[in-house]
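Chain A is the first sequence line, chain B the second, and so forth, proteins listed ahead of strands; every chain is numbered from 1.
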There are 2 protein chains.
Amino acid sequence: MKPTIKDIAAQAGVSIATVSRVLSNKRGTYSEKTKEKILKVAKELGYHKNTTAVDLVKKKADEIAVIINATPTNFSNMILSGIQQRATELGQRVIILYAGDRNTDMQHQAITTVMARSVSGILLLAVEPDATDLELLKETRTPFCFVSLYFGDDQILSISSDNKALAYQATEYLINNGHTKIGLAGIDDYHTGSQRVLGYQTAMRDHGLVAKNDWVKRGDYSYEAGRQLLQAFLPLEVTAIIAASDMVAVGLLNAAQQSQIAVPDKLSIIGIDGTFICEVTTPPITSVTQNFYEIGVRSVDKVMGKATETFVPTRIVVRGSVKLNR
Amino acid sequence: MKPTIKDIAAQAGVSIATVSRVLSNKRGTYSEKTKEKILKVAKELGYHKNTTAVDLVKKKADEIAVIINATPTNFSNMILSGIQQRATELGQRVIILYAGDRNTDMQHQAITTVMARSVSGILLLAVEPDATDLELLKETRTPFCFVSLYFGDDQILSISSDNKALAYQATEYLINNGHTKIGLAGIDDYHTGSQRVLGYQTAMRDHGLVAKNDWVKRGDYSYEAGRQLLQAFLPLEVTAIIAASDMVAVGLLNAAQQSQIAVPDKLSIIGIDGTFICEVTTPPITSVTQNFYEIGVRSVDKVMGKATETFVPTRIVVRGSVKLNR
DNA sequence: ATGAAAGCGCTAACAG
DNA sequence: CTGTTAGCGCTTTCAT
C-alpha cells in the first residue's frame, strides 16, 4: 500500500490537515519544528503525493495536454521542447497524447480522454480537426489552441507560421533569383495547403507572373509524394519548385537526380520547414525555415491566457538547392 | 460548471448509483428504459466522465505512461505506434512525458510526475536512468519496463533488440563481404554501446580477425558525430564502418563524399536502426534494421505482465552503402 | 499553529 | 433493478 498523508499524520502525531499544509507549502501556517518532523516521516515512508486526489479536490490539474499528430514531417520535437520549457516555467506539467497519423478515431479518442481530465489547457499539434472534434473542444470550458495550424478564425486560438506569408516569401525568393515558372508541390487540401497556395499565387501576381493551375500539385507532405510529383512536373518545364515540406523536397531532389536532372542547375528546389534533413542531403536544401521552438513556447502562453502574436516569423535559409541569380 | 452524475441523476429522476451503473456499463444491473433516459440526459448536458474521480476511487488508472527521451535518432514514432496499438487493445490509455534530450532533471521530474499518478505501467523509452531514477522506480509498486535499452539485469523488465547480436550480425555481414578492417563509430559508453562493442569484438574474433582498439570510436548517435568521426577513421584505413545509428551513418557518408571517398567503392558503411533516412540518401544506406513497432507492442505486453521475449530480432536490409563481394 | 469536518466526482458494497 | 451509504486521498474552511 502506498503511504498517504494519513500514515504520515499517524507517524508524526499530527492531523492530516497539518501534513497537507506542510506538503503543500502553505507557509506561515505551521511551525518549523512540525515541518521538519513531517518531512522526515514523509521521506522515511517513501511518500509521494497522489496527484489524482489533488486534482480532484482542486478541480483542476496544473497540466497542459498536447495532442500530437504523427505526420511524415517531424518537426514535433522542436515544438515539444518549446512547450515543455515554457510550461515548466509556468508551473505546468505536460502530457502528450499521440493521435496516430491523421487517424480520425484516435484523434477523437485523444480529445475525449483529455476532456475527462481537468487539464488547464489543450494544445493540438498539427491536428486537423473534423467537425465533431471542434464541437467537442468547444463544448469544454478548457482553453485549447491549435499549434502549427491556422484556421483563419480569430475565435479559435492558434499559433503557427503565417502560411500565406511563408509561401509568398518562398515564391518571391525564387522570382528574385530569376525564376518565372514555379511549381508548388505536395500541399494538402485543408487550411495550411490553401493558405500556401494563396501566398504563392499572390506573389506571382504581384510580380506580374501567371501561376498556372497545374503548377500546383497536391500531396501529403511525405517523401514519397515528393518522388512521385517530380514526374508530374517534368512535362511542365518549371525551373523551380516549392516543396510543401522538407520531406517533399528530398523526394523531389532524389527523383530529379535519378532522372539526371541537375539540382540546382536545371531545377531549383526550396523546402518548407528547415529541419535537420535539409542539411544532410547533397546538395543541402535551401528552405523557408520555421521557428518551431518559438511556436511551442508561444502556444503555451496562448493557451494559458497570455497575449501573444498568432504568427511566428519565418526566414529563408540559403543552402544549395536553389540556383542563384547574379 | 461541468455537469456531474449528480446533475444527470437529478434530471433523470434516479439516483447517482444508477447513473454510475449505466455510464460504467455494468450490464444487467439496470433496465433498458432507464439506460435510454440516462444516456439521453447525459448527452443533452454534454456530460463527460471525470477520469480523475474514477481513478481516485478505483485507485488505479487504466493508463500507461511513456517517458521518452528525445535522442538525435528518431525511431520513437514507430515504437509509439506499437505501444499505442497494443495499449488500446488492452483497454489502456497512453500518456507520454517528454524528458528532453538526456536531461537528468527532466527525467527525474517525469518519473516523479508519473509516480504521483496511479498508472498501470511505466515505459521508459531510450532513457538511461541514473541511480536515483532507478531507486525511485523500484520504490513504486508500479511495473516499469525499459524500452530499447537492455540492462543485462533480468530483474529489470526491458524490451529491445539484442545489441550484442545486432553488432555481431553487422560485423559478420561485412566480413562475409570481404572486409577485415572494420570500424565501429558513434556508440555511447552506457549499456547499449558496450553491448555493441562486445558483439563486434566477438564477431571479429570468431572469424579470426583482430579488432584494434582505435577502430572503435565513441559518439552520441548524432549526424555531427558521424561527420567528425570520419576524419578520425581516415588514417586507420578501415574499409568498412558500422555506424551506431542511421544518423551517424549519414554523417559518415556525407563527410566521405566531401573528402572524395567513394561509398561504397572505397568505404562501406552500414547503419543501425533502418529508419526512413536510410532510403533517402545517395547511395541509400544498408542497415541492420530494428523492428521498432514490435518493440513497442511487446513493451506493453511486458509491462502489463504478459510473458514475452526480451529481445526482438533484427535483420540486415541491403541497400547501397556496402560493397558486395562476389 | 493546529484539528475537525466537509466535500471534490465517482464506484462499490449492502439493502431492499 | 434501484437507492443509500461509505469512502478513495487530498484541500480547505471554520473553529480553537
With axes from five pairs an end, tell me the bend angle of the helix from C:dA1-D:dT16 to C:dG16-D:dC1, nearest 10°. 40°

Would you mind classifying the nucleic acid contact of A:T29 as base, sugar-phosphate or nothing, using non-hydrogen atoms under 4.0 angstrom? base

Taking the side chain from B:D301 and the backbone from B:K306, do they hold a donor-acceptor pair closer than 3.5 Å? no

For B:H48, which residues count as a ring-ring contact (aromatic ring centres under 6.0 Å, His included) partner, sequence neighbours excluded? none

Go through the structure and list residues passing side-chain hydrogen bond (donor to acceptor under 3.5 Å, both in side chains) with A:T4, not counting sequence neighbours. none

Once base and sugar-phosphate atoms are separated, protein heavy atoms under 4.0 Å mark nucleotides 8-14 of chain C, 5' to 3', with B, S and - as BBBBBBB

If you compare all heavy atoms of A:D273 against all heavy atoms of A:S245, which two are closest, and at what distance to 0.1 Å? OD2-CB, 3.9 Å

Tell me: CZ of B:R117 to C1' of D:dC10, nearest whole Å? 15 Å

Taking atom types as modelled, find out whether A:S118 and B:K2 have a side-chain donor-acceptor pair closer than 3.5 angstrom. no

Just how far, in rounded Å, is C1' of C:dG7 from CG of A:D55? 16 Å

Interatomic distance, B:E36 CD vs D:dC1 P [rounded to whole Å]: 14 Å

Could you report the tightest heavy-atom contact between A:Q85 and A:Y293, atom names first, then the distance? CG-OH, 3.1 Å

Expressed in angstrom and rounded to an integer, what is the separation of B:I38 atom CD1 from D:dC1 atom P? 13 Å

Does OP1 or OP2 of D:dC1 have a side-chain N or O of B:T34 closer than 4.0 Å? no

Whole-Å gap separating C1' (D:dT11) and OH (A:Y30): 15 Å

Classify the side-chain pair A:S158/A:K302 by whether it contains a donor and acceptor separated by less than 3.5 Å. no

Interatomic distance, A:K37 NZ vs C:dT2 C1' [rounded to whole Å]: 11 Å

Are OP1 or OP2 of D:dT2 and a side-chain N or O of B:T18 less than 4.0 angstrom apart? no

For B:T51, what residues pass the side-chain hydrogen bond (donor to acceptor under 3.5 Å, both in side chains) criterion, not counting sequence neighbours? none

Considering residues at least two apart in sequence or located in another chain, which fulfil the ring-ring contact (aromatic ring centres under 6.0 Å, His included) criterion with B:Y150? B:F311

